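Note sheet for the following structure.
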Amino acid sequence: MRSHLSARSSQDEKRVVITEKTPLSTSSISSSSLSYGSAEDDVLVSIGAPHIHGDAASIRSSASHKTSLMKDLKTWIHTVLFGKTANLSKSSEEERRVAASLRELASLDVDNILKRFDTGFNGINPAEASERLAKYGKNELSSAVLKPWYVIVFQGLIHPFNVLLMILGILAITVAEDPTTFYFVLAMVILSVGLRSYEELKSQKSFKSMRDLIEPLTRILRPDGNGGFVETEIPIADVVPGDVLTLRPGDIFPGDVILVESKDLFVSQSSLTGEFLPVEKSTDVNDPDSIFDLSNICFMSTSVVSGRGRAVVISTGNSTYISTINSTLNSDSMETRNSFDVGVRKVAYLLLGFGLVMVPIVIVVNGLTTGNFYEAVLFGMSVLIGLTPEMLPMILNANLAYGASEMAKHKTIVRKLDAIQTMGVVDVICSDKTGTLTQDDVVLTEHLDSSNVNNVHVLHYAFLNSHFSTGLKNVLDSAVIKAAEASEHVKTDYGSSEKGQLYSLVDEFPFDFVRRRMSVVLKTSETHAELICKGAVEELLDICVSVREYSNGTSTDVEMSDEYRQKLLAKVAELNGDGLRVLAVATKAIPDKELEGKDFSTDKDEIDLTFLGFLTFLDPPKDDCAAAIEDFKKYHVGIKVLTGDNLAVACKVCKDVGIDTEYTITGPELEEIQDNEEELNDIVERTTVFAKLTPFQKFNIVNILKKNGHTVGFLGDGINDALALRGADCGISVDTATPLAKDAADFILLEKSLHVITQAIIRGRKTHANTIKYIKMAASSNFGNVFSVLIASAWLPFQPMTGNQILTQNLLYDISQIAIPWDNVDDEYLLHPHQWSADSIFKFMLYLGPLSSIFDVYTFVVLWFYFDFRMPFTDDVKYFQTCWFYVGLITQTLIVHMIRTEKVPFIQRNPSWQLALGTVSVVVVGIIIPFTPLGTSVLQMLPVPGMFYPFLIAAIVGYFVSTQIVKKIYMRRYKEWL
């Protein structure tokens, strides 16, 4: 099966069109989330392939088997090291099973439904309800379980960096017999875990408070024993199959239900399908492609917008359709690692592997040089500890905690601390449309006359129709009334008695699904009445005989010819193509003399109307949406829209806010190519607008983008967004979202401003930048120290620095870096997402590490040849070690200012005052230490000769200049710095 891109005739969009159509599944619900490379895929690929005979077949089979084994081994290793990939094949099967069951029930008539569920038109009695509640259980979905404090603490302890530190601490106290290092490492782990746990528990408490605000109730019927019924309210959790509901506007369906009675019933399914307009529901039986279009089935968590009805509950709790989504969210298949987790593990493995390679070399070289392998082993352990950035977990969690605090100022709950840094790495945001990019509030956008010009007269008549209707106002009526009230040219207060402005309702013809229109007859203070009709375009044009044309403030009625009708229908097609919902308005004058005792009817009076114009409706973009999209582009974050709504509506909204609509595709089209992995990956990569998607398709698209190397954020608030929210590297929702969406999200916005997302991106990139600063600085400096120790071990007859001196140096350096979370970040760095890259850290170490060793060797040469510090077991050793302690501490501490920016420090870019104060303070303390009892007695140091200071200054200046030169070379070659 192949696909190609063809230009649309009326828009600058390209759609994927399937050239070989294959039948859709009976439920039209995608199973595209099946894992790639599965056995099922292999079977599908083999269909229609030529049969291979003899040895050729055996060779190919053997090669294929070896390839499969290698692939399985690679997958297993990746799973062990970095976590598993989500696989929703079982969930897709369950979803198809539930869909098939709903279709079967939808085909039954009312009598058979009542018989199937052993219920009556007036419901079941309380005793039967209690029995069923015991049998089926509470009508509750298993929501996200909040983690106990000890689970959060444990998960913090097993963080890769903390595990690495604890291993080093154990080695320090058991092998190196160094309790000081053990207690220091233990303190770092406790502080790191404590800070992280505190922030997560605080966020979890805020989330729980928001989730537990209300206990919803619903109305059900109970037989009264006399052939009638009583209506009573019960908790939604107590609803059981067979319960009968009365339906009114605003009601939320407590389970999946089937209608047994309806009148003008409109239901909002936007939380489940993404369609912004309500859909008509009735007792009629149909067999559509999608189960969401079953006319007599309504789904749990959708709501009644207008009309009335009665329904039988057919499934509750974990048997409902949305339970297939909910159970998937809480299944082991969704327990995957995001890009942050994978990146952290790669860095931890890099540091651990580097230490395991370098330390044995140090031990061997030092043992051969000094002849004391026991001391060499102890020194090697000190080097291993010194090679690892002990403060990394503390710095990382301090960054995340500070980020959470800053995001709280923007009214955002951060449910997972890691999400802050992940947000900075995101390079693609997939967004739902309805309620996310749009206001989730239908508005009247235009009121066009026959000349396609906005005309206040059209709005005036539409307002009269909606205002005087005595039935329940639907969302379109409300939109008309709001538009009229906002207009300066339409009178909306009819309580006055101004001549010609007083209207009274004579009669009305309510909306029904056959006529698809509604009319009101209004008496004016003049000599006639008017019938004003509003409804579906084709049905209304069928009863029009003339068209009102406006020119220079006057109007003329002309005949509605067939050509005129086709012209109007062509305009409607164009408006529909732009994603607009269109209604028509028409009127008819009724002479005053005909009003006396007249019995109005649709057959006799709703005919021979004059067409006035069109009303267009749209769920408009949020006010800040276009600006937010521009921000995403500025910060090089791609945007893709994944919606359950139709393609025309999605493209209209996207064009209005500046999202590219060159490549688009629909869910059914995606379903047809789901077995062609290469083609599917390519289409998902370049398509920007996906419409008519199922929840599982949304998840699958997110998964494909992650497979293609993207870090994906997902923005949504509906039930149909929950899987994608959980599957994304970073899920973002709002406090008014459905419970499933909030449970699956990492961020919850407490105000509906898309600019908060931009703030989260910037905060995430600052957090990433300041974390990676520390990692690169510490790793490269420590590598340089190890490299210098190797050189010293091969040259010097004594240790260039004791283990305690190395640990003290690292401790002081780490203290100076505590202020890194508050450091400034270059504006240029914030413009691009930056992935976690162990390869980048390794290259950085190779470039900057040996550079520091050059100046260490310079120091060795000066001390050995100029100051003649050569004799072991004398004060020469103490002088030598103290001088190198100075050079290492000062250069390593101050070099942060060279590494923290791509620019020239202090001239083009300045650090935060916190970082500047920290580095200066540590340098001063380090210089003072040899003059204190701590330095002379504990660390075995001596004050350095005054002549050494010029050499020290030369080393610092030379190191700074050299680093700036290497920085330029590195950036020119790798096009990056941090």
Side-chain angles (χ1 to χ4, degrees), residues 101-117 119-124 218-223 228-233 236 239 241-273 275 277-288 290-316 320-321 469-478 508-519 534-536 539 581 602:
S101 175
L102 289 173
R103 282 184 178 278
E104 188 265 329
L105 290 172
S107 66
L108 303 179
D109 59 27
V110 172
D111 290 337
N112 281 319
I113 283 293
L114 297 177
K115 184 177 179 181
R116 171 77 69 92
F117 288 92
T119 187
F121 204 67
N122 296 330
I124 56 179
T218 190
R219 289 185 307 277
I220 54 97
L221 301 184
R222 293 278 184 252
F229 64 86
V230 291
E231 190 175 72
T232 182
E233 282 192 343
I236 284 180
V239 172
D243 269 333
V244 175
L245 313 173
T246 57
L247 306 177
R248 298 170 187 164
D251 286 349
I252 297 175
F253 292 101
D256 292 343
V257 306
I258 188 165
L259 298 174
V260 294
E261 182 180 87
S262 67
K263 179 175 175 57
D264 304 335
L265 188 66
F266 281 80
V267 172
S268 172
Q269 296 187 154
S270 63
S271 65
L272 197 56
T273 66
E275 294 175 299
L277 285 174
V279 295
E280 303 170 4
K281 294 287 184 177
S282 68
T283 56
D284 296 339
V285 175
N286 65 342
D287 185 25
S290 171
I291 63 167
F292 302 127
D293 295 330
L294 290 168
S295 60
N296 58 347
I297 296 289
C298 300
F299 297 89
M300 185 179 194
S301 83
T302 60
S303 59
V304 178
V305 175
S306 62
R308 298 180 182 276
R310 190 174 294 196
V312 175
V313 177
I314 56 178
S315 56
T316 59
T320 58
Y321 177 81
S469 169
T470 60
L472 294 167
K473 303 287 192 294
N474 61 34
V475 291
L476 302 182
D477 287 321
S478 299
E508 68 176 319
F509 309 140
F511 178 91
D512 62 56
F513 292 133
V514 177
R515 293 165 40 252
R516 296 175 61 82
R517 57 183 179 261
M518 68 86 58
S519 300
K534 177 172 93 279
E539 285 79 355
R581 172 72 179 271
T602 57

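Please read these numbers as outputs of a predicted model, since none were measured by experiment.
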Quiz item: Quick one: does Arg517's side chain have a donor or acceptor within less than 3.5 Å of a partner on Glu539's backbone?
Solution: yes
Exercise. Apply the side chain to side chain donor-acceptor pair (under 3.5 Å) test between Arg222 and each candidate in Asn122, Asp243, Thr232; give the one that qualifies.
Key: Asp243
Quiz item: Which heavy atom in Val267 sits nearest to a heavy atom in Cys298, and how many Å separate them?
Solution: CG2-SG, 4.1 Å
Quiz item: Is there a donor-acceptor pair under 3.5 Å between the side chain of Asp293 and the backbone N or O of Asn286?
Solution: no
Quiz item: Taking C-beta and beyond as the side chain, do Asp109 and Val285 meet within less than 4.5 Å on heavy atoms?
Solution: no
Exercise. Hey, could you give me the CG/NZ distance between Leu108 and Lys115, rounded to the nearest 0.5 Å?
Key: 11.0 Å
Quiz prompt | Smallest separation among heavy atoms of Pro278 and Phe266, with atom names | solution = CB-CB, 4.0 Å
Quiz item: How far does OG of Ser101 sit from CD1 of Ile314, to the nearest 0.5 angstrom?
Solution: 7.0 Å
Quiz item: Heavy atoms, side chains only, cut-off 4.5 Å: are Phe299 and Ile291 in contact?
Solution: yes
Practice problem: Using atom types as modelled and distance alone, determine if a side-chain donor or acceptor of Lys281 lies under 3.5 Å from a backbone N or O of Ile297. | Solution: yes
Self-check item: Min side-chain heavy-atom separation Val244-Phe121 under 4.5 Å
Solution: no
Exercise. State, with a plain yes or no, whether a side-chain heavy atom of Lys534 is found less than 4.5 Å away from one of Leu476.
Key: no
Quiz prompt | Any Ser107 side-chain heavy atom under 4.5 Å of Asp287 side chain | solution = no
Quiz prompt | For Glu233, all residues meeting salt bridge (Lys or Arg N to Asp or Glu O under 4.0 Å), sequence neighbours excluded | solution = none
Quiz item: About how many Å separate CD1 of Ile124 and CD1 of Ile220, when rounded to the nearest 0.5 Å?
Solution: 8.0 Å
Quiz item: Closest heavy-atom contact between Gln269 and Phe292?
Solution: NE2-O, 3.2 Å
Exercise. Find out whether Ser282 and Leu265 are in side-chain contact, i.e. whether some heavy atom of one side chain is under 4.5 Å from a heavy atom of the other.
Key: no
Could you list the donor-acceptor pairs under 3.5 angstrom formed between side-chain atoms of residues 246-259 and any protein atom two or more places apart in sequence or on another chain?
unit_1	atom_1	unit_2	atom_2	d
Thr246	OG1	Glu231	OE2	2.5
Arg248	NH2	Glu231	OE1	3.0
Arg248	NH2	Glu231	OE2	3.2
Asp251	OD1	Arg219	NH2	3.0
Asp251	OD2	Arg219	NH2	2.5
Asp251	OD2	Arg248	N	2.8
Asp256	OD1	Met300	N	3.0
Asp256	OD2	Ser315	OG	3.2
Asp256	OD2	Tyr321	N	2.7

Exercise. Return the minimal non-hydrogen interatomic distance between Gly123 and Pro223, and the atom names on each side.
Key: O-CG, 3.6 Å
